[in-house]
Amino acid sequence: MPATEILNRADMVKAPEVRALPQTEKPSLIGLLREEMAKALVEKGVPERQVKMRVSQLWHWLYVRGVSDFDEMTNVSKDMREMLKEHFTIARPEIVEEQVSNDGTRKWLLRFPPRGAGRPVEIETVYIPEEGRGTLCISSQVGCTLTCSFCHTGTQKLVRNLTAEEILAQLLLARDRLGDFPERDTPQGAIVPAEGRKITNIVMMGMGEPLYNFENVKTALLIASDGDGLSLSKRRITLSTSGIVPEIYRTGEEIGVMLAISLHAVKDELRDMLVPINKKYPLKELMEACRAYPGLSNARRITFEYVMLKDVNDSLEDAKELVKLLKGIPAKINLIPFNPWPGTNYQCSDWEQIEKFADFINQAGYASPIRTPRGRDILAACGQLKSESERMRKVDRLAFEAMMIANHGED
């Protein structure tokens with residue numbers, strides 16, 4: 001189903017009540033690299049000669065079959081399972097709320113337990129079904145340190161980084177809820193086909209700036225792309241950043257996933273205001289990092305996100321400068337109609353202007369899909385607010401998030 005069809009649907013149904021999992025201070029095995037898992041097992045008395053085999057078993061149960069209960073690990077001895085239950089957890093986060101639309105779009109509000117002296121935290125994860133694919137939008141932080149002037153999330157203070165476990169848990173839970181893991185009795189070593197999966201792509205486009213939580217994001221994405229586990233192709237994983245230049249280089253070298261840049265302006269003076277991190281890493285440095293990103297080609301492009309703000313960044317002169325700025329970079333430009341939120345001073349560009357902007361970029365040889373529902377009337381309806389103090393209706397926020405998430409990564 002095309003993304004525009006998804007965005008047209010507004011009927012929401014409540015999901016069945018989900019039992020909350022007990023909070024625990026036990027460390028999780030989820031989010032540990034193999035060598036870290038091996039070390040954790042040795043510390044709990046597993047003999048060195050068994051460790052490699054035990055890690056292989058656990059990896060298969062966690063990331064191929066997707067179990068969240070040690071008792072389901074049927075080829076692990078009872079004594080071993082009891083030891084694991086005593087010292088570790090593999091529980092999923094609590095689902096505070098689950099919204100399910102008639103077209104399959106889903107949104108989860110998830111609660112993670114306290115870390116140390118902190119409090120429980122909540123984040124959102126969104127799943128968007130599209131024609132021939134399904135994309136999961138994952139959060140990397142609770143809140144955000146960036147203060148992009150057009151972004152509502154930027155008004156929320158950073159609470160903390162998510163751990164590698166908490167980043168991966170969003171993917172595991174989504175696969176649970178969508179029935180996207182193979183049958184529990186799939187034997188270890190069996191080839192599990194990638195075709196037919198509901199979640200085919202993931203995007204690091206949820207709450208937070210992923211590159212300000214680099215190590216945890218790196219660990220989570222390396223596990224997600226591990227061929228013996230979740231096995232997502234790195235060409236189907238997209239990391240979106242506002243432009244943390246040193247970590248863009250590291251992302252290319254150490255993670256190797258697809259890259260998306262929240263651009264939104266073609267000159268430093270304006271981008272300094274819209275995306276303040278530009279003051280630290282201006283456009284020249286950002287474009288140099290993009291040109292140096294490994295493996296770029298017409299089949300492996302960088303996606304540039306560009307929110308359309310009326311009389312701010314939407315002129316044909318801006319379009320011409322955008323084409324000049326991206327010269328030599330295999331790129332796709334996602335044009336995103338601005339979605340008003342309480343207290344903002346920005347307006348969405350007129351629909352005719354967005355189309356003119358897109359046409360110019362297309363004629364210059366760049367794909368420039370417009371992330372929007374069909375027609376101006378629906379665009380006007382999306383995110384409209386009765387007053388500055390009223391929060392955006394859930395269905396409108398869900399529709400807007402679908403615009404942001406759709407069509408990232410390889411088909």
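For the pair Ser139 (side chain) and Glu124 (backbone), a donor-acceptor distance under 3.5 Å is present. Without hydrogens or angle criteria, Arg106 side chain to Ala174 main chain gives no donor-acceptor distance under 3.5 Å. Remark: the backbone N or O of Arg271 is not paired with any side-chain donor or acceptor of Asn278 at under 3.5 angstrom. Checking side-chain atoms of Thr200 against main-chain N and O of Gly134 turns up a donor-acceptor pair under 3.5 Å. At least one donor-acceptor pair closer than 3.5 Å links the side chain of Asn216 to the backbone N or O of Leu162. Checked by atom type and distance alone, the side chain of Ser225 never pairs as donor or acceptor with a backbone atom of Ser231 at under 3.5 Å.
Between the side chains of Thr241 and Glu209, at least one donor N or O lies within less than 3.5 Å of an accepting N or O. Using modelled atom types and a 3.5 Å distance limit, the side chains of Ser315 and Asp318 yield a donor-acceptor pair.
The shortest side-chain heavy-atom distance between Gln141 and Met207 does not fall under the 4.5 Å cut-off. Here the side chains of Met53 and Ser56 are not in contact, with every heavy-atom distance at 4.5 Å or above. No side-chain heavy atom of Ile354 sits under 4.5 Å from any side-chain heavy atom of Phe338.
Here Lys324 pairs with Glu321 in a salt bridge; the nearest charged N to carboxylate O distance falls below 4.0 Å.
The minimum heavy-atom distance between Lys85 and Lys26, with the atom names listed, is O-NZ, 2.5 Å. Lys198 and Asp180 get closest at one heavy-atom pair: N-OD1, 2.7 Å.
Taking the six-membered ring where the residue is Trp, the centroids of Phe357 and Tyr306 are separated by under 6.0 Å.
Under the side-chain contact (heavy atoms from CB on, under 4.5 Å) test applied with Ile202, the options Thr135, Leu239, Leu221 reduce to a single match, Leu221.
Taking a 6.0 Å sphere around CD of Glu35, one finds it holds more than 12 heavy atoms contributed by other residues, nucleotides or ligands.
Both the sub-6.0 Å distance and the 45° axial angle are satisfied by Arg175 relative to the ring of Phe181.
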